[in-house]
Structures are given as C-alpha cells and as structure tokens.
Amino acid sequence: MHNDSRTRYTRDSAANAAFDDVDDVELGELDLEERNALRRVAGLSTELQDVTEVEYRQLRLERVVLVGVWTSGTAAEADNSLMELKLLAETAGSEVLDGLIQRRQSPDPATYIGSGKALELRDVVESTGADTVICDGELSPGQLRQLEEVVKVKVIDRTALILDIFAQHAKSREGKAQVELAQLQYLLPRLRGWGGNLSRQVGGRAAGGVGIGGRGPGETKIELDRRRIRERMAKLRRQIAGMSTARETMRAHRAGREVPAVAIAGYTNAGKSSLLNRVTGAGVLVEDALFATLDPTVRKARTPEGRLFTIADTVGFVRLLPTQLIEAFRSTLEEVADADLILHVVDGSHPDPEGQLSAVRQVFSEIEGALDVPEIVVINKADAADQEVLDRLTRSERDSVVVSARTGAGLDELMAAIERELPRLDHEVSMLVPYDRGDLISRAHAEGEVISVEHVGEGTILHARVLPSLFHDLEQVGKPVERV
C-alpha cells in the first residue's frame, strides 16, 4: 500500500514537472488541440414536433439556412454581412446550406422578411432539409414565433448565434459567468409556454366561472421560469462583481508600479492573439475562427529602448455586437478604457476593413473613456492583403502601421510606434547611488530608460529617465552629479 502511494506520488510529481516545462507556446497548441477534439457532428439530432420546446434545451445548430434583410448600403455590403453570418454559423459548428437576402426599407414587424419571402424561405428549408434558420439581425419575440410558424423549423437570430459561440469558447470562471448572464438577459423576454402551462392561474367568477376547485397553484410555469431566471441573473451579477475585484486589484497593482499599459483591441479574427504571441511569446490559442479567444491575457513586453510595459489581448468585436455581451463583459472591456495606448488591429485582407474599424469604434463609444485613449491602427495580415487596400488604409488612418503577425513583417515599426506613443517619463536624473541600494538601479532598468551607468569607488552613477515614484526614492539616498 505504501509502495503504491510512493509510486503514484512519484508519477504525479514527474507529470507536474513535465507540465512545468511546457512553455506558453505549447500551451496554446494544447488549447487548440483540445478544442478540435470536441466538435459537433452533423446529422445527429433529435427532432422536436413542437419547436418551442427547444427554448428550454441547449441550442442546437446543424444544417442551417441564412436569411438577411438589406435595408441600406450597397449590395456588396449586404453580401459581406451575410458572409460574416456564414462564418459565425460555421464557427458555431453548423453546415450552411443556403442563404437569402430580402431588399426592404425596414424589417417586416411580423416575420422580419415579409410573408412572401417567408413562404419562399419555407420552400428552401424543405428542399435542402435544413433544421434551423438563422436571421442576420436581432428579432423580436413575436418575429421569432411568427417566422417559425411559417417555416416549421427552429429560427434563431444573430444575437443567439453569437451567444452560443461565446458559450462554447468561454474557459475561465469569469468568462463562463459573463456568457451565462448575457444568455439569460437575452432569453428572459423570449420565454414561451405551451399547453396547460398558460392557464393554471384561475379562480372564481373573474376567471370565467371556473369556481371552487378550479384554482391553479397560483403561479404559471412561465412565470416560475422568469422568476428563477431573475434570481440566477442576480446571483451571477454578484459573482461577476466579486471576480472583477480581483481584476481591478491586478490593474491597480500595475498602475501602482506606474508601468504603462497597452491594450490590443479590434474585430474578431483580425489577428490580435497572433500579434500578442509575436510581440511577447505569450502562446495564446490562435485559430482561424471568430471569437476564438474570450479571456483577456496580460503579458509583459519591452520597447526597443528597454522600457517595460504590459500588453493585454481583449475580447474581439463584431458588427452589431449584442448589447447583452457588452454589459456582461464590461469588466473585461475596461482593460481598453484603462490603457495608456490602444493597438486597434484590423484585417487588411478583409473585404471591408473600413467597416471593421467603424464597428469597433462603435463599441468603444459604449465604453466610458475608451475614445479618449491614444490609438495606433495596426493593419494586420499584410502578407495576404492587396497593396492598393493597404495604401488606402494608411492614407485614411494617420497613426497606422502595416504588419504581418504571421511573418513578423512590420513588427519593428510597430514597436517603435509604441515607444513613441507611450507616456513619457517625467524625470531625468544623474545621481550617485550607493552600492547597498542596487535595488534602485535594478528598478531603473525595469521601469525606466537607462541612458548610462558608471561604477566608481563611492557607488554607481546613474543617468536615466524615471517615473516620479522612483525619482522620489533616488532623491532620498542618492547625490546629484553634474553631467559634462
């Protein structure tokens, strides 16, 4: 028995040691391998006679037909919107069979696409064998119900699709809680009852003469579900508030050390995690999919002159990002507002990069203080982009850098731009520091810009640009030295 325990302990210790040797890059590869090991399999489903029942089950997406309403803009913009919906559906694990676009002044208040187009959509669903229709917009509960009655299959909107992707990709406890809160906020006004569950609360003549013995339990099934959802939402908000305290503490600790903060933000799948990996070797999961990473990652980096700063990878944005997600992920998105500099990453190979920039800035406008932070537009994927598009973007965006996170091209120009835009160090000092305060010399290397160091008999002559807190400490122990 004791021998078995020692053997098991040795084996576990060896495993832990091996894990400790795995670097960040390999951890990102392990994350990708784990995600690829769990995929939805098309064709394995249990069809429901009453499609409303799926409201109380896990959302299933398999064989889908897409439908959009083109209300403004060009035909190319409408096609790009539906193509993005296709990528979202495939990221969620669906097989896209067909897509339709309806040209209208505004979405139909009853069926979103109008009665005639709804009948045409029903014919497409029957001919393709689809089991789900995805609409490129947020539908009201009435639109969802009436469109389902026509097409006879499950109908979901863009918001529900994005929420499903977030639910699949959330890894941390905070991320899972944020996604669940957003899902419940979306589901609450869309709950539907069926059968006898709608008519259990009755009584007396006022209830149609049912009389004594006909009274129900006093609360219908749908009202019970709504109450439980509200209670769960309140509990999740308390949990997220508690978890955001830890994030604020870490942020305050970095601010206390006065280390500049850089936030990477941008459209989903623009290459933010790839850029973070290239700059810091963080090993964050990288996948050619929308919303591949949700949990923010903060790493240390240094400018070409050796100045320390932190760089954070944030959740990706998308056109018409659900307001429920913005609210639920507010503590995460505050990394952008609290940064000293934003690296706004845009996909230079995308058909509409200007649309990506506009969509991200629209989300910035909903985060207090984000529009006031200095911004560098990082035009990524230069190796796959058209040179004419890159030239157009650099002309329209004054502070921009063209890079390729895959090949490393343009990274030197980007680091130089970061060096230029970071807040400048306030104090330039030239002091004789005693040898027993080598910790201050070390802090100058870590937090400031060291111009020169000279060792003499009495101590170390330090010439550097430093932060106010370090300048104060140096004044307590150092002696000013005149520079020639």
Side-chain angles (χ1 to χ4, degrees), residues 24 243-264 276 279-282 296-314 331-332 334-343 368-370 372-376 411-412 414-484:
D24 284 340
M243 289 182 282
S244 65
T245 302
R247 185 180 304 283
E248 291 168 3
T249 301
M250 290 187 291
R251 199 180 297 146
H253 177 68
R254 294 195 298 267
R257 294 185 58 202
E258 296 174 311
V259 177
V262 176
I264 302 178
L276 179 70
V279 172
T280 67
T297 302
V298 181
R299 292 289 186 270
K300 294 188 297 183
R302 290 189 180 276
T303 65
E305 295 183 9
R307 188 177 177 189
L308 180 69
F309 66 95
T310 62
I311 184 166
D313 178 21
T314 62
S331 63
T332 301
E334 285 173 357
E335 292 282 357
V336 175
D338 291 341
D340 296 298
L341 176 66
I342 296 175
L343 300 184
E368 185 178 356
D372 300 328
V373 181
E375 174 189 74
I376 297 176
L411 263 296
D412 293 339
L414 175 61
M415 296 304 291
I418 293 174
E419 176 88 59
R420 187 170 58 250
E421 294 294 332
L422 283 179
R424 302 309 305 170
L425 299 173
D426 297 333
H427 300 279
E428 183 171 348
V429 298
S430 184
M431 288 189 174
L432 176 64
V433 182
Y435 282 123
D436 61 354
R437 294 308 308 269
D439 59 308
L440 297 179
I441 304 296
S442 178
R443 281 181 59 190
H445 281 283
E447 303 172 14
E449 297 177 12
V450 176
I451 300 172
S452 65
V453 173
E454 181 182 354
H455 299 287
V456 297
E458 297 83 2
T460 303
I461 298 177
L462 173 68
H463 181 202
R465 298 185 185 93
V466 297
L467 296 162
S469 59
L470 180 55
F471 176 75
H472 175 75
D473 292 342
L474 286 169
E475 277 191 320
Q476 302 298 315
V477 300
K479 297 179 182 179
V481 175
E482 291 189 7
R483 297 189 304 274
V484 180

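Treat the numbers as computed from the prediction; the structure is a model and nothing was measured.
The shortest non-hydrogen separation linking V373 to A337 is CG2-O, 3.6 Å. Residue I342 comes nearest to A370 through the heavy atom pair CD1-O, 3.8 Å, listed as atom of the first residue, atom of the second, then distance. When all heavy atoms of V453 and L462 are compared, the closest pair comes out as CG2-CD1, 4.0 Å. Nearest heavy atom pair, residue E421 against residue I376, reads CG-CD1, 3.7 Å. Annotation for T310 and A261: closest pair OG1-CA, 3.4 Å, computed over non-hydrogen atoms. Closest of all the heavy-atom pairs between E458 and Y435 is C-CE1, 4.2 Å.
In this structure, OG1 in T460 is found 12.5 Å from CZ in R437, a value given to the nearest 0.5 Å. Taken to the nearest 0.5 Å, the CZ atom of R465 stands 14.5 Å off from the CZ atom of F471. Atom OG1 of T303 sits about 12.5 Å away from atom CZ of R420, to the nearest 0.5 Å. For the atom pair F309 CZ and D340 CG, the distance stands at 11.0 Å (nearest 0.5 Å). Separating the NZ atom in K479 from the CD1 atom in I461 is a distance of 11.5 Å, to the nearest 0.5 Å. We find the CG-CG distance between L474 and L432 to be 11.0 Å, quoted to the nearest 0.5 Å.
Annotation: side chain of V262 is in contact with side chain of L422 (closest heavy-atom distance under 4.5 Å). Using a 4.5 Å cut-off on side-chain heavy atoms (C-beta onward), M431 and E475 make contact. V279 has its side chain out of reach of I418: every pair of non-hydrogen atoms, C-beta onward, lies at least 4.5 Å apart.
In E368, the CD atom is not crowded: 12 or fewer heavy atoms of neighbouring residues, nucleotides or ligands sit closer than 6.0 Å.
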